Amino acid sequence: MYILLLGAPGVGKGKQADLLKKEFNVKILSTGNLLRERAKKDDDLGKEIELCLKKGNLVPFEVVVTLLEEAINSDEYKNGMIFDGFPRTTEQASKLEEILIKKKGMGLEKVIYLDVRPRVIKERILSRRICEKCGKDYNLLLDYPKTGKCGRCGGDLKKRSDDTPETVEHRLEVFKESTAPLINYYKEKGVLVSINGDRDVNAVFDSIKSVFKK
Ligand code: ADP
């Protein structure tokens, strides 16, 4: 099963990916997490990625695709995957099609587009905290643990370096410019399902589930 979650930063792709993972027993492939992990390495590539992340710019095509291909080829994803944060450009989208068809003999059946108003997005991103150790994310308004520690691994929770008001504005611009064209791209292919993401997490999840249980 290949599920693609599309939407602006902060619309809740990560939260929905977590719920889908439990429901359908498939792994999540988040390019954001792959890149944050890679950025921890103290080498030239790590530094280059860190700078892109901090500024809210897209990481160069070749870098993201190389990391993605490495992940797709690992055994971990043999039952399928949920794509979170990839593709972000039409160039990445056609590359993904090529990779999936070549390696798995199939394309994407459904692309879920989570639609949320920009004002709500900004609020959500600024109240997001992530675990320094395992990357799980929490929201101060929703599910922040009373202990202030990650409920999964006990790690410290902190703000992501790109979750600042200035960078959020920029990331939304990048989305509008580079990623939003994918909405039409997938609509034309007949695989896009648009879901109102401006609701309770479980209500959004029920809508997504109904797409796959028809
Ligand atoms: P969000 O959805 O909140 O933006 P992500 O974790 O998906 O969070 O992405 C964080 C950052 O990682 C992006 O702003 C961008 O710099 C980089 N990134 C993630 N996915 C990609 C991608 N497919 N192509 C290029 N850069 C990416």
Side-chain angles (χ1 to χ4, degrees), residues 2-18 20-21 28-41 45-72 81-100 108 111-116 118 120-132 134-140 142 158-183 185-186 197 204:
Y2 296 97
I3 306 176
L4 200 158
L5 297 174
L6 181 65
V11 293
K13 300 185 295 291
K15 280 257 156 17
Q16 296 301 328
D18 263 345
L20 281 163
K21 173 182 159 185
I28 303 169
L29 207 160
S30 153
T31 39
N33 285 346
L34 283 180
L35 291 166
R36 278 186 286 279
E37 219 22 67
R38 185 61 185 79
K40 287 180 186 164
K41 262 199 194 165
L45 184 60
K47 285 189 193 116
E48 183 189 350
I49 295 174
E50 196 184 357
L51 195 65
C52 286
L53 295 179
K54 211 166 169 192
K55 289 188 173 162
N57 288 330
L58 294 183
V59 171
F61 178 83
E62 294 300 336
V63 175
V64 183
V65 168
T66 306
L67 285 177
L68 182 95
E69 285 204 277
E70 271 171 27
I72 289 185
M81 62 198 94
I82 304 162
F83 292 98
D84 167 9
F86 189 94
R88 265 170 145 95
T89 62
T90 43
E91 189 190 18
Q92 291 183 1
S94 39
K95 184 70 188 176
L96 178 62
E97 239 161 59
E98 185 194 310
I99 296 174
L100 285 182
L108 287 163
V111 172
I112 306 291
Y113 170 56
L114 293 176
D115 195 9
V116 178
V120 177
I121 288 181
K122 284 180 210 161
E123 273 169 26
R124 286 188 188 172
I125 293 187
L126 296 178
S127 47
R128 169 161 70 190
R129 299 293 180 270
I130 69 161
C131 172
E132 234 171 3
C134 75
K136 183 170 168 54
D137 70 27
Y138 296 90
N139 194 292
L140 291 177
L142 200 70
K158 60 164 201 179
K159 228 174 148 145
R160 255 167 58 176
S161 68
D162 56 345
D163 283 351
T164 61
E166 307 74 42
T167 312
V168 170
E169 284 294 340
H170 181 63
R171 281 155 62 203
L172 289 174
E173 280 303 312
V174 172
F175 174 77
K176 220 159 85 186
E177 184 117 328
S178 307
T179 312
L182 290 179
I183 300 168
Y185 177 95
Y186 285 122
V204 176

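In each ligand, atom 1 is the first atom listed, and ligand 1 is the first ligand listed. Values below: all heavy atoms of this structure, side chains included; hydrogens, waters and symmetry mates excluded. Every value quoted in this text rests on a predicted model; they were computed, and no experiment measured them.
For a threshold of 3.5 Å applied to N or O pairs, the pair formed by Val64 and ligand 1 contains no separation below that value. When only interatomic distances are considered, the shortest N/O to N/O separation between Asn33 and ligand 1 does not fall below 3.5 Å. Backbone and side-chain nitrogen or oxygen atoms of Gln92 are examined, and one is located within less than 3.5 angstrom of a nitrogen or oxygen of ligand 1. The shortest N or O to N or O distance between Ala8 and ligand 1 is not under 3.5 Å.
More than 12 heavy atoms of other residues, nucleotides or ligands shown are found within 6.0 angstrom of NZ on Lys136. For NZ of Lys159, the number of neighbouring non-hydrogen atoms (other residues, nucleotides, ligands) closer than 6.0 Å is greater than 12. Heavy atoms from other residues, nucleotides or ligands lying under 6.0 Å from CD of Glu97 number more than 12.
Protein heavy atom nearest atom 20 (N) of ligand 1, with residue, atom name and distance: Thr31 OG1, 2.8 Å. Atom 8 (O) of ligand 1 has as its closest protein heavy atom Arg160 NH2, 3.0 Å. At the shortest separation from atom 4 (O) of ligand 1 among protein heavy atoms lies Arg88 NH2, 2.9 Å. The single protein non-hydrogen atom nearest to atom 11 (C) of ligand 1 is Leu53 CD2, 3.5 Å, given as residue, atom name and distance. When only non-hydrogen protein atoms are considered, atom 26 (N) of ligand 1 lies nearest to Val59 N, 3.0 Å.
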Run the numbers on Asp162 and His170 for side-chain hydrogen bond (donor to acceptor under 3.5 Å, both in side chains), then give the verdict. CA-CA 10 Å; Asp162 56 345; His170 181 63; over 6 Å; no
After noting the C-alpha distance and the side-chain angles of Asp163 and Arg171, does the key distance pass the salt bridge (charged side-chain N to carboxylate O under 4.0 Å, His left out) rule? CA-CA 10 Å; Asp163 283 351; Arg171 281 155 62 203; 3.0 Å; yes
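The distance from ligand 1 to the heavy atoms of Arg36 drops below 4.0 Å at these ligand atoms: 6 (O), 10 (C). Those atoms of ligand 1 that come under 4.0 Å of a heavy atom in Arg128, given as number and element, are 3 (O). Every atom of ligand 1 with a heavy atom of Gly85 under 4.0 Å away is listed here by number and element: 20 (N), 21 (C), 22 (C), 23 (N). Ligand-side atoms of ligand 1 in range of Gly10: 3 (O), range being under 4.0 angstrom from any heavy atom.
With a heavy-atom cut-off of 4.0 Å, Asn57 touches ligand 1 through its backbone alone.
The minimum heavy-atom distance linking Lys15 with Asn139 is given by the pair NZ-N, 4.4 Å. Taking each heavy atom of Leu34 and Ala71 in turn, the nearest pair found is CD1-CB, 4.3 Å. The heavy-atom pair separating Ala8 from Ile121 by the smallest distance is CB-CD1, 3.7 Å.
For the residues Arg124, Lys13, Lys54, Arg171, the heavy atom positioned nearest atom 14 (O) of ligand 1 is part of Arg171. Of all the listed residues (Leu58, Asp162, Val168, Leu35), Leu35 holds the heavy atom that lies closest to atom 18 (N) of ligand 1.
A salt bridge does not link Lys47 to Glu50: none of the charged side-chain nitrogens sits closer than 4.0 Å to a carboxylate oxygen. With salt bridges taken as basic N to acidic carboxylate O contacts below 4.0 Å, none links Arg124 and Asp137.
Within the structure, the closest approach of Lys55 to ligand 1 does not fall below 4.0 Å when heavy atoms are considered.
Under the 4.5 Å side-chain criterion, counting only non-hydrogen atoms from C-beta, Arg160 is in contact with Arg128.
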